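Below, all heavy atoms of this structure are taken into account, side chains as well, without hydrogens, waters or symmetry copies. All ligand and atom numbering here is 1-based and tracks the order in the structure. Everything numeric in this text was worked out from a predicted model, so none of it was measured.
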Amino acid sequence: EKAQIGVTGLAVMGRNLARNFARHGHTVALHNRSYGRTKELVESYGHEGTFIPSETAEDFVASLERPRRVVIMVKAGKATDAVIDEFAPLLEEGDMLIDAGNAHFADTRRREAALRERGLHFVGTGVSGGEEGALHGPSIMPGGSKESYESLGPLLEDISAKVDGEPCCVHVGPDGAGHFVKMVHNGIEYADMQLIAEAYDLLRSVGGHAPAEIAEIFKGWNEGRLGSYLIEITAEVLKQVDAETGKPFVDIVVDQAEQKGTGRWTVQAALDLGVPVSGIAESVFARALSGDPKVRAAAANLPGPTAAAGAGGGDLQADVEQALFASKIVAYAQGFQQIQAASAEYGWDIDPGQMAKIWRAGCIIRAKFLDFIKQAFDKSPDLPSLLVDEYFLDAVSGAQDAWRRVVATAAQQGIPAPGFASALAYYDGLRAKRLPAALIQGQRDFFGAHTYRRTDREGTFHTMWGADRNEVPA
Ligand code: 6PG
């Protein structure tokens with residue numbers, strides 16, 4: 001008997017996809033770089049269906065019926081190219097290589113074109129739903145040729161999630177279309193998570209609710225129009241109590257949200273297309289801000305609002321001047337930080353003070369205050385943020401009450417002020433002692449076992465959310 005489908009790469013996602021195919025009555029060929037994982041899968045789950053384990057790529061390929069369908073489930077990037085290089089020479093015309101990882105759609109387009117030349121179908125396929133989804137029914141977004149879908153589609157539809165019997169799987173479009181759509185799915189996922197985190201933060205900081213109470217609020221919301229997986233798991237994460245300290249779980253997680261890159265890719269692609277995905281972009285930047293402990297530590301003493309901030313009635317003209325100056329400072333702080341980051345990344349050794357100096361005249365952004373920027377970097381070339389330089393700190397803290405009034409007025413009057421508002425949020429984000437990024441880490445650990453760090457000791461940890469909810473070292 002030959003297998004209808006094969007899976008190479010048997011870490012948790014690959015293993016669960018293989019089990020899902022087998023549970024649906026398909027014979028599944030198995031392969032992994034090291035045989036141990038293959039053996040383990042058959043030992044633990046062999047009773048769930050029919051598996052054909054192989055130690056070598058050759059045996060694996062030989063165990064598949066034609067046209068062959070080979071699902072690749074390895075870490076996106078170089079590993080994918082290595083697997084393709086290993087398998088493509090063993091395959092024959094009409095066979096399919098299905099990349100189920102989170103690949104960049106441009107890589108998928110490149111790989112598809114190269115394999116098409118060799119008579120092979122390369123099917124870049126988005127798979128969403130984490131470990132649980134892979135096992136019980138993910139949402140599947142295959143790209144690649146129409147012809148490949150005719151042969152592969154029914155199998156994928158079989159293992160996909162269903163709504164009223166309808167499979168959550170459709171041929172998205174040619175070459176990289178599937179991975180593009182999966183990428184945008186993840187961008188939206190980032191935005192969803194950021195918005196939920198902000199809602200939690202407001203309920204806690206302004207509303208004065210404890211995490212367990214907020215869990216109940218989210219549970220209630222989950223019954224209404226906000227009903228969704230992310231709201232549901234947020235309630236679970238918020239009600240979790242750390243066994244060791246008895247504190248809310250969300251308080252022991254380091255508040256630096258990590259990312260594997262799909263959200264960032266979405267924003268990069270949107271920039272190329274000229275599409276304003278500002279919500280997704282803010283969520284990517286919020287993670288980046290949370291994950292920069294050096295700048296956050298330096299900015300932790302930036303002043304917050306004074307009691308007068310909310311007391312309306314400011315002089316609008318004077319307020320707008322202040323908001324403009326403060327927001328402008330934020331823009332320059334961000335731009336200089338980007339220059340410093342690129343300089344470090346590419347070894348350019350750029351002197352930021354010199355950049356400010358040469359921008360003082362001639363160029364479009366020439367401005368008086370570049371003198372102060374120059375002075376700030378001359379004083380401390382490694383300044384983590386312009387905002388913490390004395391001159392700018394004074395300027396921004398002097399302006400901030402007016403700045404807050406302007407943003408609030410704009411919101412109240414329905415006037416779009418995205419520049420002022422996001423600059424203010426950046427300022428408040430940098431100076432926050434604690435960000436709701438910890439909740440995002442909890443959500444990521446819940447659905448993807450992406451792990452988190454603790455505030456009270458070194459190491460990386462995972463909570464067994466699907467089982468006893470105990471914590472294990474990762
Ligand atoms: C999914 C998830 C999945 C994964 C992300 C997490 O759709 O099942 O999006 O693909 O958990 O890679 O992304 P970050 O590590 O970037 O948060």
Considering only non-hydrogen protein atoms, determine which one is nearest to atom 16 (O) of ligand 1 and report residue, atom name and distance to 0.1 Å.
Tyr190 OH, 2.4 Å

Among all protein heavy atoms in this structure, tell me which lies nearest to atom 1 (C) of ligand 1, with the distance rounded to 0.1 Å.
Ser128 OG, 3.3 Å

Please examine the side chains of Trp403 and Val330, heavy atoms only from C-beta on, and report whether any two atoms are closer than 4.5 Å.
yes

Which residue, Arg118, Arg69, Arg68, forms the salt bridge (charged side-chain N to carboxylate O under 4.0 Å, His left out) with Asp95?
Arg68

Under 4.0 Å from one or more heavy atoms of Asn186, ligand 1 contributes atoms 5 (C), 7 (O), 9 (O), 10 (O), 12 (O)

Atom 11 (O) of ligand 1 [closest protein heavy-atom partner, distance rounded to 0.1 Å]:
His450 NE2, 2.6 Å

May I ask you to decide if the ring planes of His31 and Phe60 are parallel, tilted or perpendicular, using 30° and 60° as cut-offs?
tilted

heavy-atom search around atom 8 (O) of ligand 1 in the protein gives Gly129 N, 2.8 Å

N-O pairing of Arg109 and Asp175 below 4.0 Å:
yes

Considering heavy atoms of the protein only, find what lies nearest to atom 12 (O) of ligand 1 and give residue, atom and distance to 0.1 Å.
Asn102 ND2, 3.4 Å

Starting from the C-alpha separation in whole Å, work towards a yes-or-no answer on side chain to side chain donor-acceptor pair (under 3.5 Å) for Gln443 and Thr234.
CA-CA 6 Å; Gln443 293 167 321; Thr234 300; 2.8 Å; yes

Contact check, side chains of Cys169 and Tyr149, non-hydrogen atoms, under 4.5 Å
yes

Heavy-atom nearest neighbour in the protein, as seen from atom 15 (O) of ligand 1, with distance rounded to 0.1 Å
Arg444 NH2, 2.7 Å

Any Gly130 heavy atom less than 4.0 Å to ligand 1
yes

Would you kindly specify which portion of Lys260 sits under 4.0 Å from ligand 1, judged on non-hydrogen atoms: side chain, backbone, both or neither?
both

Examine ligand 1 and decide if any of its atoms is less than 4.0 Å from a heavy atom belonging to Met193.
no

Below 4.0 Å, non-hydrogen atoms only: which portion of Arg287 touches ligand 1? Side chain, backbone, both or neither.
side chain

Nearest neighbour in protein (non-hydrogen) for atom 2 (C) of ligand 1
Glu189 OE1, 3.4 Å

Lys146/Glu150 salt bridge by N-O under 4.0 Å criterion
no

Geometric cation-pi criterion, Arg15 with Tyr45: 6.0 Å, 45°
no

